[in-house]
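One structure is given below, encoded as structure tokens.
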Amino acid sequence: MSIKCRVTSDKFHSSRTVSWLLLLAFLMVTATTWAANFDVMLRVKPGRQTGQLKVWMSDDGKDWKYVISSAPYWDPYSRTGKEFDAYLFPLPYMPAYIRVGVTGTHLGRIRLDDVEVLFRNTPQRPLDMQVVGEVLDADNARVADGQSAIVVHRGQKDVVDGLVYRFKPTKSPVVSLPPRVSYGVYEGRSEPMDEQVKWLAWFDFTVLQATPSIIPLAREIKKANPKHRLMLRLMTPNGCLLDYFYDQASRDYIRYVTVDQFLGSLADITDIVTLSEEEPGNQMRGWFSTLPADFIYEYRFEYEKETGKPFIWQSPEMVNWIGEKLEFLYDDLYGYIKKKYPKVKVYQWLELRGYGNCSGWPEFARGEKLRMDGYVTEWSDTHSEQLVETPLGPAARDVGYFENYIRNLVEKKGLRKDQILGQVWAHAPAGGDVVFQIEKIKEQGISSIYAFVPFMIPGHRPPWVEEKDMTYGMAEWEKMKAHIEKDRGRK
Amino acid sequence: MGVWTCGRIPAAAFAFVILTVPVHAAPVTYTWWNEAWTHRVKVSVKAIQDERDFPVDVRLNLSNYFQQGEAFDPSSVRVVEQDAATGAVIAECPAIFVPTDFNRRSLVPASRLAAWLSTPPQKVKATSEVAEYPAKNVIDDWALFGGTVWKASEQQAPWIISVDLGSLQSANCVMVRYPGHGGTPGVPVDATIEVSADSPDGLTQGTWEKVGEWKNSASGRLYNVARVAWFAPRKVRFARLVITKSANGPPELEDFQVRLVRYDPKTRSEGTVNWIAPGGSTANKERVFFVYFDRVGGAEKSPAPTMMKVGIFREAEDSPAFIAPTGWSYAYATIEGASGLKNPNSLSVAVHPQKYLYWDNAGFPVTLPQAGSYTLTLRVRCDPGEHEFEVLVDNQSLRKGKVSFGDGWTMAQVADLPLTAGVHYLEVFLMNGKERPLDFDCLWLTNYADLQTKAFIAATVGQGEVKP
């Protein structure tokens, strides 16, 4: 299992005031479309177009939370020359203080003509303004008169130059607590079995790598904890999608080795199965080779016949063709399982086209072509700042890929949040410790969260795990355990 | 001339190999060589070094070019070299079309017990079996190296074990594997592999045809416990192994696989077109050939020129992927400098951490159009110096000795291999190195000894065309 999306932002790591994040999450989660309405918007009239302006907010003028930058406006300006009269920045609520300015290693000057807040479309003027750092003609930023204050920044990494505005704050919106969360772990079979049973049964659920040796393990876990939810990761053979599509004998075989040999004896205690994992990463190994992967090249004549196109490796036409075969594979397996084992829920674990992936794989499969009872997501702290349409014009907002994906699963696939599994990384550093990741997933309303700590029974380091990794994983586990126990005590 | 369409499938469906696409200032119009042929496909060939008389071997699915109700005529295949600059015809090259004789991708052999069906059609019979080691063990394990075996209980030869596929099917390969070698118990020393379409009892009665055999397995190659029979496709229902001599007690067998042809030649004309690019070729200079062909019932054709020189080309990764490999310790690998049109592109054996030397092999079905004395050319890489080798054809050792490797990729040649026409299973064994992995890239089998190919030759297949 590899880690995807390790690109992270440090913007959120340094500010972990949970209440603020919850408020932000509330607004993001309740926003139904990208053409969104926001109750509170900061409007900045620049004296000159810039991508370097940054915005922070604070309740007390001391503890600042970064919100967003004007970079999303710079991109269309630099490409087309389109100028924006004003920049809009949605805020989660009306804070007492807003800071606009520049920081970071880059050098520059920006010009600010005016700053105000639109509260439910009604302008709110600042009560006061103060200079921070080096600003020329600061008073020009008090009124919208076409005259600008000039913020000077000399590239100091940790220095902010700009202006602080004080406003009359509003009450924070009421945000309900996250749903009760059940916690699990991703595991495979490891020795000693009695210790593994004890370890796994402590959790609310397990995502078990389905191999023949987990069949007795699964039974023992259920005996130890009858309330434990058993989830099996059913792994399709790598590179089998075309054999599955074109060859009935192969299809029968794959169904058997992937599904029946496990559910045949465990269906009565299995709550959920996942179809493979982290796809297309496993199924499509070889895609990034310069030369065609052999399991695809073998079917080049089928490709040519069906598409009428020459076999051009990695072409957009090939992405579509492969996508159809992946859709068939995983949708057909869904149908096969539901027919033979109707009580078992089937979750997909395949990246869906247009849902906001950041793994670097082509988006092969279309969500509308895949049936599913649920979906597996993996935490990623990857963000991007984007322009979104609002009735007042384009606004810049920070969009997390994870939250974006969750939103798409809900809106496009109609999944409920309790049909989505969220995975956190606890075996190696992953852009925030395990509790931070859990909190981030909770913000999205996901109620089943599990850790990827494979084969690491406390006190029993498997031979393939290095000691430093075991040490790291166990330290993370201690944090997670404390968090889970605290959560369980919240009854 | 136009790019044709067949039914609703545009003719662009032809091009299947993309390496580098030559860019010309002005397109060349290629003369249509002969009005009696209705179809052709362009093949551009480029060598990275100067070459002489090198074999070209391209794989095509010629069924893709015809509409429903039409059938490709294998005897119509001709290859013509045309001038890359002017499009004029240069010369006709003797060529052959060989139906696909290998079966690389099949996840499950037809003999594998279909445990997923309520009534699996496959059955096994043996003339005797030890109760704890029944005959069914040879087809009921699905995992790699499943390890369950059949043991015969009778002490006297012959011992027979037979697999019933349940129905007539087009097969072209049987692979059997036994658990030991040398001094281990129950080694089948002499045996024949036979198939039948009509056996009443599926074991001893009816008509059986020998498709493979081995003799004296205890000597010769080391560490190879699999035996393969590769043969021209035929309809069979039963395959059996008749063991006439066993070492150290009654025989044991671990795996029995019957493999079906990938494509039925009657419904899909997929195969390779082979010819020799005559004379000298300059490095990186394109030579253009056209494969001309027609449907069954087309215009009368002039006779094909006699093919004096034959060259078969196989990439290493085209060796058959049995669920249990015929050798051990090798893997398909993608390595820099290896040739080919796809990945993985070599068979590689890692250096053993204890510097233990062992043999490894690569097996290939080959179809030879004529008998003769053949030369095997191997593109390999390992420690410089001498390496032991062995060449087997249809389980018979044809040559053992030493070949010399240089530093880096080496074209190692073994000459004067006497071979008959028809379908064979060629196996190559090489001694591994101490310092570097053994990388096996590709091989040529030619009936002329003066092949001096220095590197892989890329062939790019273009769009198909119909006669305007």
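Here is how names work: the chains are called A, B, and so on, in the same order as the sequence lines, proteins then strands, and each is numbered from 1. All values below come from the heavy atoms of this structure, side chains included, with hydrogens, waters and symmetry mates left out.
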I would like to know whether A/Tyr186 and A/Thr206 meet side-chain hydrogen bond (donor to acceptor under 3.5 Å, both in side chains); could you show each step before the answer?
CA-CA 6 Å; A/Tyr186 174 105; A/Thr206 307; over 6 Å; no

Apply ring-ring contact (aromatic ring centres under 6.0 Å, His included) to B/Trp409 and list each qualifying residue two or more places apart in sequence or on a separate chain.
none

With only heavy atoms counted, which part of B/Ala115 is less than 4.5 Å from chain A, the side chain, the backbone, both or neither?
both

Indicate the atoms forming the closest heavy-atom contact of B/Ala114 with B/Pro121, along with that distance.
CB-CD, 4.4 Å

Ring centers of A/Tyr330, A/Trp349 separated by less than 6.0 Å
no

So which of A/Asp260, A/Val259, A/Asp252 has the largest heavy-atom pair count under 4.5 angstrom toward chain B?
A/Asp252

When the 4.5 angstrom heavy-atom criterion is applied to A/Leu242 and chain B, the contacting part is neither

